[in-house]
Amino acid sequence: MPEVETVVRTLRPRLAGRTILAATGGPKLTVEPAVGQTIRDVTRHGKYIALHFDTGLLLVHLRMTGKLLYDGARTPYTRAEFVLDQGTLLYDDIRRFGRITWSTEYPAQGPDPLEVSFAGFAALFQRRRVRLKTLLLDQRFLRGLGNIYVDEALFRARLHPLSVAGSLSRAKLERLYTAMREVLTEAIAQGGSSVSDYVDGNGERGRFQRFHRVYRRTGEPCVSCGTPVERIVVGQRGTHFCPRCQRA
DNA sequence: ATTACTACCTGACAGC
DNA sequence: TGCTGTCAGGTAGTAA
């Protein structure tokens with residue numbers, strides 16, 4: 001989500017007011033409804049980038065390797081292209097997981113993690129028996145948290161990823177709420193995390209990967225206690241945590 | 001409601 | 001060099 005927010009922030013001033021003169025897409029990359037229309041705004045909804053037009057929204061989901069680049073260079077992985085009245089918007093995606101869809105409404109998802117109140121946040125956990133990490137990654141529950149930020153938030157809150165979500169005390173929920181907001185806010189301020197090839201709308205890499213405390217630090221000493229960071233798999237996702245600081 | 005697993009794609013990297 | 005296996009900012013679909 002910090003990466004998507006950064007892309008939106010870099011693209012909004014360049015795209016707002018621009019008219020799409022022509023566009024090419026492909027399978028799972030629907031671009032036609034936007035041709036001839038003017039971009040009124042660019043916003044983020046969870047991990048979706050929304051280009052606003054008079055008749056609807058073009059929703060872009062970058063998934064793992066998608067990139068939206070203003071006036072970027074074409075590559076063998078350029079999958080879609082928008083010719084604007086000023087400049088060009090390229091959509092690159094090595095793995096082809098990303099999607100571009102046309103819609104008149106936002107996808108049904110949970111509240112934004114930076115907008116939800118503590119009461120609203122705490123209510124989401126009631127009677128849930130799923131594992132904590134699995135719940136946090138579920139976009140129907142909260143929209144925006146991804147693998148990096150769940151691991152980083154759980155570390156800061158000193159919570160084990162396999163905890164049962166519905167069994168957390170109020171004190172632990174408060175720690176998680178605060179940690180989640182801090183991690184996301186700091187990551188956005190640093191332009192997101194460039195673990196491999198993420199770049200913003202201007203082709204700039206993020207800086208937050210320098211501040212990761214557990215994500216992809218398997219075997220390295222915990223920044224808090226020195227115990228080696230462990231990696232396990234939770235819900236098919238690599239999961240990094242300190243076994244001493246984060247007890248079940 | 002929840003878990004578990006598969007698919008979708010391509011590339012980087014480690015080990016043999 | 002080349003092969004094999006593992007890993008990767010995510011989500012959808014299916015079956016149990």
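Residue numbers start from 1 in every chain, and the chains themselves are labelled A, B, ... in the order their sequence lines are given, proteins ahead of strands.
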Side chain of [X] (C-beta onward), nearest among [options]:
X	options	result
A:M64	C:dG10, B:dC9, C:dC7	C:dG10
A:Q236	B:dC5, C:dA8, B:dT2	B:dC5
A:R231	C:dG9, B:dG11, C:dC7	C:dC7
A:R63	C:dT11, C:dG9, B:dT3	C:dT11

Output the rounded distance in Å from [atom1] ([X]) to [atom2] ([N]).
X	N	atom1	atom2	result
A:R216	C:dT6	CZ	P	16 Å
A:R95	B:dG11	CZ	C1'	9 Å
A:R79	B:dC9	CZ	P	10 Å
A:L162	B:dT2	CG	C1'	15 Å
A:L135	B:dA1	CG	P	13 Å

Q: Kindly say whether A:D85 contributes a backbone atom to a donor-acceptor pair with the side chain of A:T19 at under 3.5 angstrom?
A: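 Side chain of A:T19 to backbone of A:D85, a donor-acceptor pair under 3.5 Å: no, none is there.
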Q. Is there a donor-acceptor pair closer than 3.5 Å between any side-chain N or O of A:Q37 and the backbone N or O of A:I20?
A.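 Not confirmed, A:Q37 side chain does not pair with A:I20 backbone.
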Q | Nucleic acid contacts of residues 137-160 of chain A, taken as heavy-atom distances under 4.0 Å to DNA chain B | A |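 None, since no heavy atom is under 4.0 Å.
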Q) Does one hydrophobic cluster hold both A:M64 and A:M1, with members joined at side-chain heavy-atom distances below 4.5 Å? A)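 Different hydrophobic clusters.
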Q.
Within this structure, what is the OG-NE2 distance for the pair A:S193 and A:H212, rounded to the nearest 0.5 Å?
A.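 Spacing of OG (A:S193) from NE2 (A:H212) equals 3.0 Å.
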**Q.** Rounded distance (nearest 0.5 Å) linking atom CZ of A:R99 with atom CG of A:L59
**A.**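 Here the rounded value is 13.5 Å.
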Q) Is it the case that A:T75 and A:D92 place a side-chain donor and acceptor less than 3.5 Å from each other? A)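 Distance-only check passes for A:T75 and A:D92.
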So does [X] get a side-chain nitrogen or oxygen closer than 4.0 Å to the phosphate oxygens (OP1/OP2) of [N]?
X	N	value
A:H61	C:dG10	no
A:R237	C:dG10	yes
A:K47	C:dT11	yes

Q) Of all of residues 181-209 of chain A, which get a heavy atom below 4.0 angstrom from DNA chain C, listed by number? A)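 Nucleic-acid contacts, sorted: A:S193, A:S196, A:D197, A:Y198.
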Q: Pick the C1' atom in C:dG9 and in B:dT3, then give their distance to the nearest Å.
A: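 Here C:dG9 and B:dT3 have their C1' atoms 24 Å from each other.
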Q. How would you label the glycosidic angle of C:dG5: syn (within 90° of 0) or anti?
A.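 Base orientation: anti.
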**Q.** A:F97 over C:dT11, stacked by centroid distance under 5.5 Å, angle under 30°
**A.**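 Check failed, A:F97 does not stack on base of C:dT11.
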**Q.** Stems where DNA chain C pairs, listed by first number, each of three or more Watson-Crick or G-U pairs under 3.5 Å
**A.**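 Stems found: B:2-8 with C:10-16, B:10-16 with C:2-8.
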Q: Flag the pair A:Y215 / A:F241 as yes when their ring centroid distance falls below 6.0 Å, and as no otherwise.
A: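 Aromatic pair excluded; centres sit 6.0 Å or further apart.
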